[in-house]
Amino acid sequence: MAIADVKNWNIELEKKITDKWKVSELFKFDIKTKKKIYSIDTPPPYVNAPIHIGQAITYCYMDFFARYRRMKGFEVIFPLGLDRNGLPIEMAAEKAFGVSPFRDGRDKFIEACKKLLEQTSSETQDTFAKLGISFTSYKEGNHVGAVYKTDSPDYRKITQATFIELFRKGLIYEDNRINNWDPKLQTTIADSEIEYKDIPSTFNFVKWKVKETGEEIIIATTRPELICTCGMVIFNPTDKRYKHLEGKTAISPIFNKEIPIKSNKTADVEKGTGIVMMCSAGDLSDIQFFREQNLEPKIAINIDGTMNEHAGILEGLKVKDARNKIIELLKEKKLLSRQEQITHRTPISERSGAEIEFIQMPEFYLKQIEFKDDIRKIADKINFFPKEARKILDDWLDSIKIDWPISRRRFYATPIPLWISGELIAVGKSGEYYEPWKESPKKDFEVFKNGKKTGVVGDFKDLKWEGETRVLDTWMDSSISELIMLKYKTDDEFFKKSYPATLRPQGKEIIRTWLYYTLLRGYLETKKPCFKDVWINQHITDKQGYKMSKSKGNVVDPQKLLKLYGAEAIRLWASIEGDLSKQDLKCSEEKISAEVKTLNKIINVAKFVNLFEKPSRIKLTNLDKLFVDYIEDLTKRTDESYGNYDFYHPALELRRFLWEIFASHYIEIVKSRAYNQENKFSKEESNSARYTLHYLFERFLVLMYPIIPQITSVIADDKGINLLKEKFPAIVKTKYEFNLIEKIIEFNSNVWKDKKEKGISLRNEIEGIKIPKELKAFENDLISAHNLK
RNA sequence: GGUCCUAUAGUCUAUCGGUAGAACACCUCGUUUACACCGAGGAAGGCAAGGUUCGACUCCUUGUAGGACCACCA
């Protein structure tokens with residue numbers, strides 16, 4: 001394709017290039033490479049919906065990184081993963097096919113999930129290909145950098161293998177604890193899956209009695225249905241109103257239970273009436289309180305969200321109905337002094353939107369509390385871009401209070417490879433994929449009792465084994481993405497050579513999940529930090545600055561922008577709009593369309609430069625040397641910034657170079673010398689101009705290549721340069737004086753202004769202009785460029 | 001409540017303590033051997049109050065506004 005035949009940069013051109021790139025696997029990883037390896041632990045996008053422009057832009061940034069590192073001589077691993085496990089797929093399958101796992105059975109439900117996954121369009125991959133993302137491969141397989149799926153047996157068996165090892169080491173245990181329970185999805189969830197929402201609720205002021213004095217006390221609560229689980233009534237020790245109640249006994253309304261009254265500084269004098277009922281299922285801090293006070297927790301809510309026998313007359317009712325009923329009862333008995341509407345910050349399940357309940361259930365836990373300091377230490381060895389992002393991780397580490405509950409009572413996820421018989425637990429062997437609910441344990445599987453090995457399955461004849469039906473939290477598989485990428489447990493030699501991974505790029509909102517869990521899991525497997533660098537991106541927002549989200553309905557479809565403006569305009573815009581690791585980027589179509597102009601400018605400049613043959617190296621004139629020095633210096637600064645994941649400042653400067661320095665001034669000045677039709681200049685001088693035109697422009701193409709690889713490589717192709725294989729230019733020391741170029745620009749502007757004011761056409765001659773002293777060295781060029789007399 | 005970030009032209013965004021610079025939009029003029037998706041020119045800007053300094057958009061304090069993260073709200 002010759003650029004001379006092209007009028008404008010357009011999406012038909014792009015299609016030809018990206019189609020070719022996608023099928024030809026140009027960036028295949030060479031397993032025998034002697035080069036240093038640069039590996040990018042790409043976030044695997046969730047496949048239930050096509051990616052939106054915000055996500056798409058983050059992959060453009062990763063592509064900048066990958067292409068730059070290839071130029072710097074690294075063998076790059078930049079895999080495309082597809083995240084297919086977990087609740088979003090299950091919920092979509094329920095909706096699409098009207099199936100229910102509880103009604104239709106596990107096998108049928110899993111089939112429905114698989115069917116949905118097949119139907120899920122390949123639109124995301126198509127978007128990546130059209131954007132020119134240089135993934136190591138667009139094909140599935142076992143080669144390094146191949147497309148991987150988190151629900152494939154190959155992936156799941158590694159997830160299970162890590163589970164098995166951790167279990168055997170005693171780092172995973174089962175415990176019957178109070179957990180965050182999602183009543184809608186019927187599963188336990190982790191703290192990190194909870195979000196808080198302000199929900200209007202009613203503060204009920206309920207009358208209690210004091211046994212010893214018979215006086216009435218009023219306690220405010222949003223959860224009157226939990227009065228039955230109250231274990232203690234507390235007030236603040238500084239609160240004079242209640243001082244006399246210390247050690248006395250409260251009688252709960254309706255239930256008439258005797259409950260001790262004590263002072264405790266967790267009670268807030270300002271809130272409600274200052275006197276509080278402590279229930280064993282309000283939230284996690286209540287649970288902690290019960291532990292500290294050595295109180296026996298009473299759980300009044302069943303796993304299906306109904307009240308149990310502890311709730312007495314409320315038994316069998318759903319939580320909300322129970323609340324209404326008890327309020328009515330209190331009203332009837334005149335035990336409700338008043339009600340107040342408040343907004344209450346309520347824990348909500350991030351996945352289903354249901355209000356979290358706290359319910360006691362046996363679940364598997366992965367130990368994490370005892371590794372917090374180790375994680376802090378390895379995190380200290382990792383470079384964060386930007387530096388500030390480290391704090392988000394630190395804050396999260398500080399707030400981890402319990403081990404990680406890793407079992408889920410769901411279906412489309414990695415099964416837990418265990419079989420149970422009474423107190424005995426049989427464990428699968430690592431290296432196989434297991435679905436225990438439909439398989440039997442093999443004879444040589446190890447058997448554990450209370451965390452200790454007691455033999456193998458074959459030793460216990462005639463025992464009936466039940467396959468574990470629970471599955472793993474999907475973060476258990478996402479958190480080994482870098483291990484999978486580097487062939488952990490499948491190619492030991494390669495893993496040893498390539499671990500730790502070089503870069504984890506990801507969003508700030510999943511630092512406490514994906515990043516933290518990966519650090520933990522990597523540490524448990526290898527005792528090392530699993531990354532050298534972590535690059536944290538902010539958000540792409542809509543025009544108004546709001547974060548894009550499906551629920552808000554403000555998502556922009558990348559396919560639409562690709563059709564209108566093409567990939568190169570989007571990528572150029574993404575680099576020039578701001579530094580995504582430092583600030584949110586507002587997605588504005590106007591700005592993207594403006595970058596199309598720059599692409600056309602590049603084409604036109606290419607056409608002009610190509611009017612002249614590039615002479616072999618010759619002696620440069622003063623002016624040409626000055627501009628060559630300038631771009632050598634710009635090369636150095638660009639290299640430094642790219643190396644620190646900053647593509648923004650170089651992109652700005654390179655664009656300025658193109659428009660303001662190269663096109664508007666350098667070309668205008670040397671045009672006549674390059675043509676040299678009237679032989680005003682020597683052959684040598686003319687060749688110097690021609691050489692420099694090519695040199696500057698080629699360098700521009702090389703430096704811009706990671707950002708806009710299509711247009712730059714097409715133009716470079718015409719010049720016999722393959723940018724996909726091109727090395728980043730060596731850094732040359734210069735004595736470049738920035739000042740002089742600014743002076744020249746100023747001089748040119750003044751002459752143009754002068755001619756305009758005097759009504760002289762730009763090409764006609766003008767009298768009486770003096771060339772400033774410091775520009776004497778460039779006199780000939782300036783006289784000729786402006787036709788000075 | 002805690003921690004942190006940001007505040008510059010109509011919009012968006014730069015700038016080592018020394019004349020505030022682009023882009024988009026707007027206005028005027030122009031067609032010049034690559035480009036009218038162009039060229040030249042123009043109008044238009046530092047949140048507020050203090051402080052440090054010869055000098056502050058830049059550093060400090062406070063306030064105001066917006067945003068982020070964390071914790072908690074019986």
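Letters A, B, ... are given to chains in the order of the sequence lines, protein chains preceding strands, and every chain is numbered from 1.
Projected onto RNA chain B by closest heavy-atom contact, Phe608(A) and Asp395(A) fall at different nucleotides, the more 5' of which corresponds to Phe608(A).
Dashed line: the shortest gap from a side-chain N or O of Tyr648(A) to OP1 or OP2 of U13(B) is not under 4.0 Å. Between C24(B) and Lys597(A), a contact under 4.0 Å exists linking OP1 or OP2 to a side-chain N or O. Contact annotation: Tyr675(A) side-chain N/O to A34(B) OP1/OP2 distance is under 4.0 Å. Under 4.0 angstrom from either OP1 or OP2 of G21(B) there lies no side-chain N or O belonging to Arg656(A).
The backbone N or O of Asn10(A) sits nowhere less than 3.5 Å from a side-chain atom of Asn8(A) that would complete a donor-acceptor pair. Checking side-chain atoms of Gln339(A) against main-chain N and O of Thr202(A) turns up no donor-acceptor pair under 3.5 Å.
Using a 30° and 60° split on the angle between ring planes, Trp535(A) and Tyr61(A) fall in the parallel class, below 30°.
Under the Watson-Crick or G-U wobble criterion, with both distances below 3.5 Å, C26(B) is paired with G42(B).
In this structure Phe205(A) satisfies the ring-ring contact (aromatic ring centres under 6.0 Å, His included) test together with Phe203(A), sequence neighbours excluded.
Between the C1' atoms of A56(B) and C16(B), the separation comes to 14 Å (whole Å). A distance of about 46 Å separates the P atoms of U53(B) and C72(B), rounded to the whole Å.
Among the atoms of the strands shown, base atoms are found under 4.0 Å from some heavy atom of Ala663(A). Thr222(A) comes within contact range of the sugar-phosphate backbone alone, with a heavy-atom separation under 4.0 Å but no base atom that close. Backbone-only contact: Lys508(A) has heavy atoms under 4.0 Å from sugar-phosphate atoms and none from a base. Within 4.0 Å (heavy atoms only), Glu668(A) reaches at least one base atom of the nucleic acid. Residue-level contact check: Ile667(A) touches the bases, meaning some heavy atom is under 4.0 Å from a base atom.
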